[in-house]
Amino acid sequence: MSKIGVFVCHCGENISATVDCARVAETSGKLDGVAYSVDYKYMCSDPGQSLIKSAIKEKGLTGVVVAACSPRMHEPTFRKACAEAGLNPYMCEMANLREHVSWVHEKGEATTEKAIDLVRILVEKVKYNQSLNAIKVPVTKTALVIGGGIAGIQASLDIANTGHKVILIEKDPSIGGHMSQLSETFPTLDCSQCILTPRMVEVAQHPNITLYSYAELESVEGFIGNFKVKIRRKSKSIDEKLCTGCGLCTTKCPVKKIPSEFNEGLGMRTAIYVPFPQAVPNKPVIDREHCTYYLKGKCRICEKVCPIQAIRFDQEDTIEEVEIGAIVLATGFSVKQPDFFPEYGYGKYPDVITGLQFERLASASGPTLGEIRRPSDGKVPQNIVFVACAGSRDEAKGIPYCSKICCMYIAKHAMLYQHKVHGGKSYVFYMDIRAGGKNYEEFVRRAIEEDGVNYVRGRVSRIYEKNGKLIVKGVDTLLGAMPVDIEADMVVLATAGVANSDAEALAQKLHVSYDAYKFFAEAHPKLKPVETNTAGIFLAGACQSPRDIPESVSMASGAAVKVACLFSQDELTRDPLIAVVNRMAPPVYSSCVGCFLCVSACPYQAIEKEEIKNRAGEVIKTLARVNPGLCQGCGTCVAFCRTKSIDLQGYTHEQMYTEVMALLNEY
Amino acid sequence: MTLGFYPGCSLKGSSREYAESVLAVAKAFDITIEEIKDWNCCGATAAHNMNRELSFALPARILSLAEKQGLTEVVVPCAACYSRLTVTQYELAKDKELKDRISEVNGMEYKGSVTILNIIQMLDKYITPKLEGKVVKPFDHKVACYYGCLLVRPHEILKFDREEDPQSMDEVMLKAGATPIDWAFKTECCGAGLSISRTPSVGKLSGMIVGDAKDRGAEAIIVACPMCHSNLDMRRKEINKYLGEKVDIPVLYITQALGLAVGLDRKELGLNRHFVKVTV
Amino acid sequence: MSSDNHHSALTELGAELLEQSDVKVTRCYQCGKCTAGCPLAGEMDYPPSLVMRMLQTGRPELEEKVLRSFTIWVCLTCEMCFARCPMSIDIPKMMDQLRQKSLLEKKTNRKAKEIIAFHKSFLDSIRYTGRLYEIGLLADYKTRTLKILDDMDLALPMMKRGKLGIFPEMIKDRSGMASIFRKTNKKHKD
Amino acid sequence: MAEFEPKIVAFVCNWCTYAGADLTGTSRIKYASNVRIVRFPCTGRIDYMLLVKAFDEGADGIIVSGCHPNDCHYTSGNFHARRRWIMFRSLCDFIGIDIRRIKFSWVSAAEGAKWADIVNSTVAAIRELGPYEEYQKVAKKPVKEVING
Ligand SMILES: Cc1cc2nc3c(=O)[nH]c(=O)nc-3n(C[C@H](O)[C@H](O)[C@H](O)COP(=O)(O)OP(=O)(O)OC[C@H]3O[C@@H](n4cnc5c(N)ncnc54)[C@H](O)[C@@H]3O)c2cc1C
Ligand SMILES: Cc1cc2nc3c(=O)[nH]c(=O)nc-3n(C[C@H](O)[C@H](O)[C@H](O)COP(=O)(O)OP(=O)(O)OC[C@H]3O[C@@H](n4cnc5c(N)ncnc54)[C@H](O)[C@@H]3O)c2cc1C
Ligand code: SF4
Ligand code: SF4
Ligand code: SF4
Ligand code: SF4
Ligand code: SF4
Ligand code: SF4
Ligand code: SF4
Ligand code: SF4
């Protein structure tokens, strides 16, 4: 038999001005199972709380209903008070007599009636409340950062500087990402390498960071604070510990005609290679797809020239298993290639290039040492056209969104061109100029006003070659839609920023959601931009949507703080208001029939399949099981389950039906 | 092997050499061609410019006749007719009400069961697979394959080849021993329906096409549409005027070029009927 | 949800265009790509993207201008604009509809007289013979436009090459053909 | 006879509508006192048999309200709720529940005034429809077992 205490609050006069608090207390006192009821001026004040605590002790209360303000305000206060008096905190409920009654209704009979109803509902509910214990999970204080672009670098450094361990994995031979390919950066035009390289080195030298380059995520298990991760370290075919990075092997390798990924195909590399001079780590890998030895069984020149015999042709991929407490996803983005644009030549005109290729041309470390020369014949283009929104904002091509960074880098490119090619003419075909950011609009204005870049509002319809010129068929919509044809020497397409081709597979591995374009989805578009729906997994940089460096870096620091918060605790304490699948004695085990409708409903992939096995190890039944580390307590699964096998603690079927019945039976 | 045949008006008149070459090639490959009986004009540009319902009724009548005649596959060499027939089939399949209304207008049941082939599809399906060994006089020339508008657009409906820079004609010509050139005006419009009413426009549009083919060293332009042919061949006076020079690259139907490659007689292929002398 | 029928932003003409040619004028974001690629934009009084803009404004006097424009008649339905429009707006289909409306409401542009005359001659030729009778068409067109001498330099060589038949080819079911024209022509008088 | 005072139960989510109703209070916006709120973590948790149950037990009208689409605290709970609501509608037709008695709405934590409007308009609408006696008469209480069993 329950012994429930009802504590009615006046809230000064906030409640008592319209609700007859004494009558609420008196009427509730008569309810079945109520052992004590009282009204008081300020329940949340110290004397108020003491009133509750002593009643619990003296009357041996088994449940408490505080009729006061919104539970969103003081539920934690009263639950804590109960716990201090030795009552399980989840045996306490609040009736909202202030926000939902006294403040919204006039004084009168109906208002007090409503207050009494609200108390009664909760008295009945509390009868079905169960003692629950806060969930505690241990935290492994090592973070995994996936992707070594500027976002991954920043996140790793920030986490490492809080004193926690970081494992950074990068799929390429070097970290650096797209930023390492850039020439100068908007809106300040400072050299990308100059500001990035020190950070890359810092990563390599940081005592708290373990860098695995040429490595990818193999699998993930577990949940927040307790992930078990397997990392595939792809074979580099060298002994990294021995190799000094002298580079002799790379100069002697006879396979020299492989288009360099780092130079976006505008330069060549060897089969054993370091992607770029400032690479971190600065040690080569053998690209087995192009190495003559792996292809034909002959060569081994690198092995011969290596002064310390560091080449290992028989090296195999290794799998590293690590325990991780949090994961930061920072895998960045990709850009569309010119073959995505049939109307601009299907990638067959060498002088129609992407913005990223232009970065390499403009970069002092690039294939032309920073001179703007066109790929076909090395001539300096006298007329250059930049095409904005190439593939972006193009529903017909399946990319309706704006890629966000291109308006700015086009202005930068046109500016760099004007600075480098005196007397050259540059045109930008654009639809809108999106330059929202500190000093961004000013930057674009400078390109137009000071550097004389010709901005033409209109989309290019077609590009074709005629007598060595690229004919760009555009239009000026501000001149009454006047067709504008330009004979260009080179055309730069600001191609759409898109998700990496392996993004979907990676998201599925990690159980994080992704949007229609395969960018990873944040947990809330405004208030949880660096969280994912999976607790303990965070996002940084352009893997969430195309973004520039300042934003990628802020986001990375944000994600790092989230990780640091998590690591500031030894144990995670979570509200136990989570779902559970019932368990019964064998041979039934549970009323769950294993339909797994709940699995499809859960927004957090918190429900797993559990196999019940007999002694012989044979599977007799497959049941749903809620992972308490992942469940957020939304209850969606509960409404889906047809056999009522899954229930939400704190909002159980019994409790909810009881509330409804209690309400209507008297109302 | 019997194939239904819809020649359309042009192939009976100003472009009869196209029909002649289609029939000659078909014969050389043992394909029996069966013309749709009592066929009518598809309505061409005029109908869909002026009257939507008529623009569906005329092609639907043709297709109904083909159905009645028991034809399952009909080759339509004229790209314009092909486009009208295919668009009609597409629209009527999409809209049952329209289909019923058109059947009623025509006083003929329309089922929509006929497969319509354009000339390239016909060649791809029945001729090029058997070409090996049959090419006796490879068409050893640099050719510019000109597709025009109606063979490739609208892509949603025709779903034929890729929209910009299509390849299927080039592939056929390659098999006939030619060297197709990469050029920039494969699918630009020649001016088609405005040939008579706005001749100077046609001179310009066709002029750019012929000009690019010439600049890139084409020895012949290969077409698959009577309208393209008329504009590029018969309008050469206006074209030359636009280009400011005399260009004498001949324009051949793909079936003529193929016919030459397999050794058919020039006259049988109607090559004598061209304005620009066929020297290749 | 995007197909929700919220046409409140459309005028009567806008709604008609949506209904009959799946063109929702509000979708056009004025990029101008259609105009940039249109082979005849230079000859139009309003290039295609401008036509879209005029229709978007919903201003009756601009809609009227579109119906009275030369553009809608000089458009070749080459489909280039549609093929490249980022918003997949079927301008050619819309042009067909605008032409018919212009014809129906007798708003055809004066400069389009010859084009329309040609179409009419063409259709007349089919109406009576079921097939196109090219000499007949030319003769008819020339009497309609009084452009007797144009193209005469082509006719003789064409005949010499067997490209022009002297006699019309007629289909058998001429009454059926006439009936098709009658039934589809209820709205269209010429 | 006094005016008919409908009994209305509101099933609302904790994060948006409950908070929105709190805001109505802090803004001191007055509304009809006929509605009793039952708090759920998310509309996704709301089992529609509970609605049937409420009618069984004598409710004259029901409000179901949660976050706006895309604002769900749990990202997609409200989408699931909406999807099930579509199925529930046909069930209502089948068991003879007048769906005019169920008001489905979105009220965010910032929409205090909207909550008052929803309550007032629902009270007015249900008052118009009158007591839901027909259902209570014909109801075979099919869900009694649901909770007991
Ligand atoms: C042409 C161009 C010019 C630009 N100019 C500027 C500018 O001037 N100023 C500016 O602020 N921004 C500029 N940007 C934007 C800038 O490049 C991005 O903001 C920045 O690179 C985003 O960093 P990131 O770390 O999120 O992604 P990325 O740079 O893409 O880095 C992602 C990293 O993750 C690695 N990775 C990917 N998948 C995996 C995987 N599965 N496992 C392990 N590792 C993986 C990649 O190899 C890469 O190293 C420009 C972008 C372009 C395309
Ligand atoms: C009309 C309008 C509409 C908007 N709509 C949207 C929208 O739909 N979506 C969206 O994402 N964003 C929107 N925003 C932007 C959004 O308001 C801002 O992004 C956000 O408010 C920024 O938060 P903040 O905390 O940085 O600054 P603020 O909101 O300005 O908060 C700063 C706080 O600091 C206090 N303060 C100031 N000086 C001192 C001082 N010296 N000492 C102590 N306290 C101080 C101020 O009193 C204030 O409380 C909108 C903005 C405007 C103006
Ligand atoms: S030669 Fe040997 S030590 Fe030098 S970079 Fe190559 S592998 Fe390393
Ligand atoms: S073995 Fe391979 S990597 Fe080494 S030098 Fe030869 S080709 Fe280059
Ligand atoms: S940022 Fe500018 S160029 Fe890039 S997609 Fe957006 S509007 Fe187009
Ligand atoms: S929905 Fe219910 S019965 Fe089905 S698997 Fe989940 S818990 Fe088991
Ligand atoms: S309560 Fe929500 S988060 Fe938890 S298991 Fe159920 S659906 Fe998933
Ligand atoms: S291409 Fe399409 S979106 Fe662009 S202006 Fe033309 S109709 Fe509008
Ligand atoms: S269909 Fe008409 S408007 Fe469109 S590109 Fe062709 S001529 Fe221009
Ligand atoms: S967010 Fe909001 S509060 Fe609201 S429906 Fe989902 S959980 Fe509910």
Side-chain angles (χ1 to χ4, degrees), chain B residues 8-10 12-17 37-41 43-58 61 104-108 148-150 152-156 163-164 187-194 196-199 201 204-205 208 234-235 237 270 272-275, chain C residues 20 39-40 43 73-74 76-80 82-84 88 90 92 95-97 99-100 103 114-123 125-126 130-134 137-138 141 145 150-151 153-154 157-158 161-165 169 171-173 176-177 179-181 183-185 187-188 190:
Chain B
C9 308
S10 303
K12 288 286 173 179
S14 53
S15 307
R16 67 184 49 208
E17 71 272 26
K37 293 194 184 72
D38 208 37
W39 57 264
N40 54 280
C41 170
T45 318
H48 76 86
N49 270 3
M50 307 285 280
N51 183 336
R52 175 177 144 95
E53 227 168 59
L54 183 65
S55 78
F56 294 137
L58 294 173
R61 179 177 183 273
E104 195 251 13
V105 164
N106 284 354
M108 262 183 219
C149 321
L150 298 168
V152 285
R153 290 189 295 266
H155 189 70
E156 284 65 32
E163 252 181 294
E164 313 265 354
T187 65
E188 292 294 302
C189 180
C190 66
L194 294 184
I196 292 171
S197 50
R198 288 188 71 78
T199 314
S201 311
K204 180 179 163 205
L205 298 179
M208 295 202 295
M234 292 199 293
R235 293 290 176 201
K237 193 180 79 182
N272 52 328
R273 298 189 195 275
H274 291 195
F275 274 51
Chain C
Q20 291 180 33
L40 287 152
E43 309 200 13
W73 293 103
V74 79
L76 281 166
T77 332
C78 75
E79 307 266 353
M80 198 54 108
F82 179 37
R84 295 192 185 136
S88 308
D90 196 340
M95 290 289 190
D96 272 347
Q97 205 186 325
R99 283 188 276 262
Q100 286 165 39
L103 208 57
E114 283 146 27
I115 297 173
I116 297 168
F118 178 76
H119 291 327
K120 282 186 179 162
S121 304
F122 191 104
L123 290 184
S125 169
I126 310 172
R131 294 187 189 167
L132 182 64
Y133 169 43
E134 288 170 323
L137 162 68
L138 277 179
Y141 168 69
T145 59
D150 285 23
D151 277 338
D153 54 337
L154 278 186
M158 277 178 83
R161 289 169 170 79
K163 279 174 169 265
L164 279 182
E169 283 210 28
I171 63 167
K172 291 199 202 87
D173 185 16
M177 188 53 45
S179 140
I180 292 176
F181 272 80
K183 285 184 181 161
T184 55
N185 238 17
K187 292 186 290 184
H188 294 264
D190 42 313

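Bear in mind that the values here come from a model prediction, so they are computed numbers and not experimental data. Letters A, B, ... are given to chains in the order of the sequence lines, protein chains preceding strands, and every chain is numbered from 1.
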Which atoms of [X] come close to chain C, meaning under 4.5 Å heavy atom to heavy atom: side chain ones, backbone ones, both, or neither?
| X | answer |
| --- | --- |
| B/H155 | neither |
| B/T187 | both |
| B/K37 | neither |
| B/F275 | both |
| B/L205 | side chain |

What closest approach, in Å, do [X] and [Y] show between heavy atoms, and which atom pair accounts for it?
| X | Y | result |
| --- | --- | --- |
| B/G43 | C/F122 | O-CE2, 3.7 Å |
| B/E104 | C/K183 | O-NZ, 3.3 Å |
| C/R131 | B/W39 | NE-O, 2.8 Å |
| C/L76 | B/G191 | CD2-O, 3.2 Å |

*If we only count heavy atoms from C-beta on, is the C/T77 to B/H48 side-chain gap below 4.5 Å?*
yes
Would you check if C/M80 and B/C149 make a side-chain contact, meaning some heavy-atom pair closer than 4.5 Å?
no
Rounded distance (nearest 0.5 Å) linking atom [atom1] of [X] with atom [atom2] of [Y]:
| X | Y | atom1 | atom2 | answer |
| --- | --- | --- | --- | --- |
| B/T45 | C/F118 | OG1 | CZ | 8.0 Å |
| B/M50 | C/L123 | CE | CG | 6.0 Å |
| C/K172 | B/D38 | NZ | CG | 5.0 Å |
| C/I126 | B/L54 | CD1 | CG | 7.0 Å |
| C/L103 | B/N51 | CG | CG | 9.0 Å |
| C/C78 | B/E188 | SG | CD | 8.0 Å |

Turns out that what part of C/Q20 lies under 4.5 Å from chain B's heavy atoms comes down to backbone
The interface call for C/M177 against chain B, heavy-atom contacts under 4.5 Å, is side chain
### Task
Salt-bridge test for C/R161 and B/E17: reply yes if a basic N is under 4.0 Å from a carboxylate O, no otherwise.
no
If you tally heavy-atom pairs under 4.5 Å between each of B/E53, B/E156, B/M108 and chain C, the highest tally belongs to B/E53
Note: vs chain C, highest number of non-hydrogen pairs under 4.5 angstrom among B/M234, B/M208, B/R61 is B/R61
Sorted by chain and number, sequence neighbours left out, side chain to side chain donor-acceptor pair (under 3.5 Å) with C/S125 holds for none
ask   = Counting only N and O atoms by type, is there a donor-acceptor contact under 3.5 Å from the side chain of B/N40 to the main-chain atoms of C/I171?
value = no
Any side-chain to backbone donor/acceptor pair from C/E79 onto B/L150? Under 3.5 Å, distance only. no
Across all chains, not counting sequence neighbours, the ring-ring contact (aromatic ring centres under 6.0 Å, His included) partners of C/W73 are none
### Task
Walk me through it: do B/N49 and C/Q100 pass the test side chain to side chain contact (heavy atoms under 4.5 Å, CB included)?
CA-CA 7 Å; B/N49 270 3; C/Q100 286 165 39; over 6 Å; no
